[in-house]
Protein chains: 2
Amino acid sequence: MPYDPSAFPPFAVTVDLVVLTVRRHSLCALAVRRGESPFQGRWALPGGFVRADEDLAQAAARELAEETGLSVHDPAAPAQDNGAHLEQLATYGDPGRDPRMRVVSVAHLALAPDLPAPRAGGDASNARWAPVEELLRQDDYGRDGEPVAPLAFDHARILSDGVERARSKIEYSSLATAFCPPEFTVGELRRVYEAVWGVALDPRNFHRKVTGTPGFLVPTGGTTTRQGGRPAQLFRAGGATLLNPPMLRPEV
Amino acid sequence: MPYDPSAFPPFAVTVDLVVLTVRRHSLCALAVRRGESPFQGRWALPGGFVRADEDLAQAAARELAEETGLSVHDPAAPAQDNGAHLEQLATYGDPGRDPRMRVVSVAHLALAPDLPAPRAGGDASNARWAPVEELLRQDDYGRDGEPVAPLAFDHARILSDGVERARSKIEYSSLATAFCPPEFTVGELRRVYEAVWGVALDPRNFHRKVTGTPGFLVPTGGTTTRQGGRPAQLFRAGGATLLNPPMLRPEV
DNA sequence: ATCATAGTCGTCTCCCTGACGATAAACACT
DNA sequence: AGTGTTTATCGTCAGGGAGACGACTATGAT
């Protein structure tokens, strides 16, 4: 028995992406410039319609690949490919959040290692990594003097929620390693925490904590001096996903 | 300029509710019996279509009121009305999760104090509080010998995610008080933790922890003996929403 | 050679937690 | 009235983890 389509209002469903990475000691998000109305010319989060035969997670992974070329890290195959972490964030469906029609957007959060350069359909000027505090600042100007209008739609809210999720989740999970290349040093991992939280951490206590948590880090045997100073051991992310006890975020 | 509706596939958007409460020392969820196909006669989570002019949170609050009579606790007016806690849980949109059509369901989690009796459109036999482990058990029989088929659609997955959210969230927030009446004792709060986590907690250490955390509990001055034994102090939930350091869930 | 930089190992103290003894105040029996 | 049971509440003690910070190591830059 077919269902009566007049019994419910039709919605458009999209996925929007909060793609975070750490560049030059600051937490950055991927923003794309809108080519069409509404909010034409303004920066927005990448996203698009969910297709008829597509899962929500599939749609998010497809959009992520289209915008960045990143593949999604398979949770079943831990920590070897160069893929990103992807998880559902929240869903935004206020009537009027899109002036054209009723749109429900399922936002996703992606965490990626530092990437060479963004690409949005091949046009680099229409996509960029921007520090999140710059994207969330109201009525201000970016580094190049270009006015940084608030993000289109309710994307400032979505970005803010995504950043908050990332900040809290690296406390009790090993997710911070998703910001690192496959092999990394303790200091590089610490700088990830410092950039995401916006605080300074004691290198000695941090080193003790992460190397003392079983399953968090696995030494690869190699060393590197790419950060300068004394050579540092290289590690891979271990199998542990939950940190117990958690990493403590300093007060305020 | 109107938008081209042929550019995207139409979806139906619903809200489904995981309504949790603690009854007789066990964590229970609200289930309603389906009156129509598909899954006719099977138990499901309460829910319904989002209306054209309605916010997602509004739709969830409306469904909650329709099913239980509960109003939603206003986060701005802390802890005085008898309302429930309501928050968005996650969104489920697999193609084929509803055989009739493409439906995206925005699941919400509600936590409520123990209630007299459920009501589903006035028909009590079509709604009940069931222990979650009973609803999540496959191929088994309930207390009354009635077969407890798995929940309809993907609702077992949704319920499982909601329970997991509640279990982890009472660790680091004061959310467990949402399961309690406006005034409650430390022992009653402890029994909430024990029911949700399914563990036994040391009453002395629990008492020290909750009374020693600033802003968690506010004594009302009254006492009660409704649990038997020595009279216990009555408390209200304090203003603090985050518990730092968190309540520790015992190992395994 | 000296300095700056980053990494790594230790130490000390404080606080929180788990384990558990002891006392207090109600009720239900006899 | 006394005794047992139940629940609440206070105290004590040992161990683990975190913050603060000293000390030493191994590179490259000047």
Side-chain angles (χ1 to χ4, degrees), chain A residues 22 24-25 170-172 180 183-195 197 199-235 240 242-252, chain B residues 24-25 170-172 180 183-195 197 199-236 240 242-252:
Chain A
V22 174
R24 283 183 265 100
H25 283 218
I170 65 173
E171 287 186 36
Y172 58 89
C180 295
E183 295 199 347
F184 53 89
T185 69
V186 172
E188 289 165 347
L189 184 62
R190 174 170 50 80
R191 280 180 280 275
V192 165
Y193 276 91
E194 291 178 334
W197 284 343
V199 298
L201 299 175
D202 185 287
R204 299 157 289 189
N205 292 336
F206 184 87
H207 189 277
R208 177 182 62 192
K209 172 70 177 173
V210 296
T211 57
T213 299
F216 191 9
L217 298 184
V218 178
T220 65
T223 60
T224 183
T225 61
R226 63 183 168 221
Q227 299 293 334
R230 171 176 165 180
Q233 271 190 86
L234 285 169
F235 294 88
L242 253 44
L243 258 45
N244 205 329
M247 185 83 62
L248 292 185
R249 181 167 12 171
E251 301 293 315
V252 184
Chain B
R24 283 183 265 99
H25 283 218
I170 64 172
E171 287 186 37
Y172 57 90
C180 294
E183 295 199 349
F184 52 89
T185 70
V186 172
E188 288 165 348
L189 184 61
R190 174 169 49 81
R191 280 180 279 275
V192 165
Y193 276 91
E194 291 178 334
W197 284 344
V199 298
L201 299 176
D202 185 289
R204 298 156 292 188
N205 293 336
F206 183 87
H207 189 277
R208 178 183 60 192
K209 172 69 176 172
V210 297
T211 57
T213 300
F216 190 10
L217 298 183
V218 178
T220 65
T223 61
T224 184
T225 62
R226 62 184 169 222
Q227 298 293 335
R230 171 176 164 181
Q233 271 190 85
L234 284 169
F235 294 87
R236 283 186 300 103
L242 253 43
L243 259 43
N244 205 328
M247 184 84 62
L248 291 184
R249 184 170 5 177
E251 301 290 317
V252 185

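Throughout, protein chains are lettered first and strands after them, A, B, ... in sequence-line order, and every chain is numbered starting at 1.
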*Asks:* Side chain of A:T185 only, heavy atoms from C-beta on: which candidate in C:dG7, D:dC21, D:dA18 is closest?
*Replies:*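 So the nucleotide nearest the side chain must be C:dG7.
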*Asks:* Check for me whether the distance between the ring centres of A:F235 and A:F184 falls short of 6.0 Å.
*Replies:*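 No: the rings miss the under 6.0 Å criterion.
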*Asks:* Distance check needed: D:dA18 P versus B:N244 CG, whole Å only.
*Replies:*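 From B:N244 CG to D:dA18 P: 13 Å.
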*Asks:* I need the B:T211 OG1 to B:L189 CG distance, nearest 0.5 Å.
*Replies:*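 One finds 11.0 Å between OG1 of B:T211 and CG of B:L189.
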*Asks:* Roughly, in whole Å, what's the span from OH in B:Y172 to P in C:dC16?
*Replies:*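 The answer, rounded to whole Å, is 22 Å.
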*Asks:* A:D202 side chain: which of D:dC21, C:dC16, D:dT9 is closest?
*Replies:*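 Shortest atom-to-atom distance from the side chain points to D:dC21.
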*Asks:* Give the rounded distance in Å between these two atoms: CZ of A:F235 and C1' of C:dT8.
*Replies:*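 It works out to 10 Å between those atoms.
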*Asks:* C:dT17 P sits how many Å from B:E171 CD, rounded?
*Replies:*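 Whole-Å distance recorded here is 13 Å.
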*Asks:* If you define the side chain from C-beta out and look only at heavy atoms, does anything of B:Y193 sit under 4.5 Å from B:V199?
*Replies:*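 Answer no - side chains too far apart.
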*Asks:* Using the side chain to side chain donor-acceptor pair (under 3.5 Å) criterion, which residues pair with B:D202? Sequence neighbours excluded.
*Replies:*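 Partners of B:D202 by the side chain to side chain donor-acceptor pair (under 3.5 Å) criterion, ordered by chain and then number, come out as B:R204.
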*Asks:* Nearest nucleotide by nearest heavy atom, which residue falls closer to the 5' end of DNA chain D, B:E188 or A:T225?
*Replies:*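 Final value for this comparison: B:E188.
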*Asks:* To the nearest Å, give me how far apart CD (B:Q233) and C1' (D:dC10) are.
*Replies:*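 From B:Q233 CD to D:dC10 C1': 12 Å.
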*Asks:* Would you mind listing every salt bridge (charged side-chain N to carboxylate O under 4.0 Å, His left out) that reaches into residues 207-225 of chain B, with sequence neighbours excluded?
*Replies:*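 Pairs touching residues 207-225 of chain B that pass the test: none.
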*Asks:* Quickly work out the A:L201 CG to C:dA6 C1' distance and round it to whole Å.
*Replies:*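 Between C1' of C:dA6 and CG of A:L201: 15 Å.
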*Asks:* In residues 203-214 of chain A, which ones come under 4.0 Å of DNA chain D, going by heavy atoms?
*Replies:*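 Result for residues 203-214 of chain A: A:R204, A:N205, A:R208, A:K209, sorted by number.
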*Asks:* Please name all residues satisfying ring pair (Phe, Tyr, Trp, His ring centres under 6.0 Å) with B:Y172, sequence neighbours left out, ordered by chain then number.
*Replies:*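 Ring pair (Phe, Tyr, Trp, His ring centres under 6.0 Å) list for B:Y172, sorted by chain: empty.
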*Asks:* Using salt bridge (Lys or Arg N to Asp or Glu O under 4.0 Å) as the criterion, list what pairs up with A:R190, not counting sequence neighbours.
*Replies:*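 A:R190: salt bridge (Lys or Arg N to Asp or Glu O under 4.0 Å) contacts with A:E194.
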*Asks:* Distance-only check: which donor-acceptor pairs under 3.5 Å involve side-chain atoms of residues 216-225 of chain B, not counting sequence neighbours?
*Replies:*
| unit_1 | atom_1 | unit_2 | atom_2 | d |
| --- | --- | --- | --- | --- |
| B:T220 | OG1 | B:G222 | N | 3.4 |
| B:T220 | OG1 | B:L234 | O | 3.3 |
| B:T224 | OG1 | B:R226 | N | 3.1 |

*Asks:* Please enumerate all residues that pass salt bridge (Lys or Arg N to Asp or Glu O under 4.0 Å) together with A:E171, with sequence neighbours excluded.
*Replies:*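 A:E171 satisfies salt bridge (Lys or Arg N to Asp or Glu O under 4.0 Å) with A:R249 only.
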*Asks:* Quickly work out the B:L217 CG to D:dT9 C1' distance and round it to whole Å.
*Replies:*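 It is 14 Å, rounded to the nearest whole Å.
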*Asks:* At a cut-off of 3.5 Å, list every protein nitrogen or oxygen paired with a nitrogen or oxygen from nucleotides 2-7 of chain D, distance to 0.1 Å.
*Replies:*
| unit_1 | atom_1 | unit_2 | atom_2 | d |
| --- | --- | --- | --- | --- |
| D:dT7 | O2 | B:R230 | N | 3.2 |

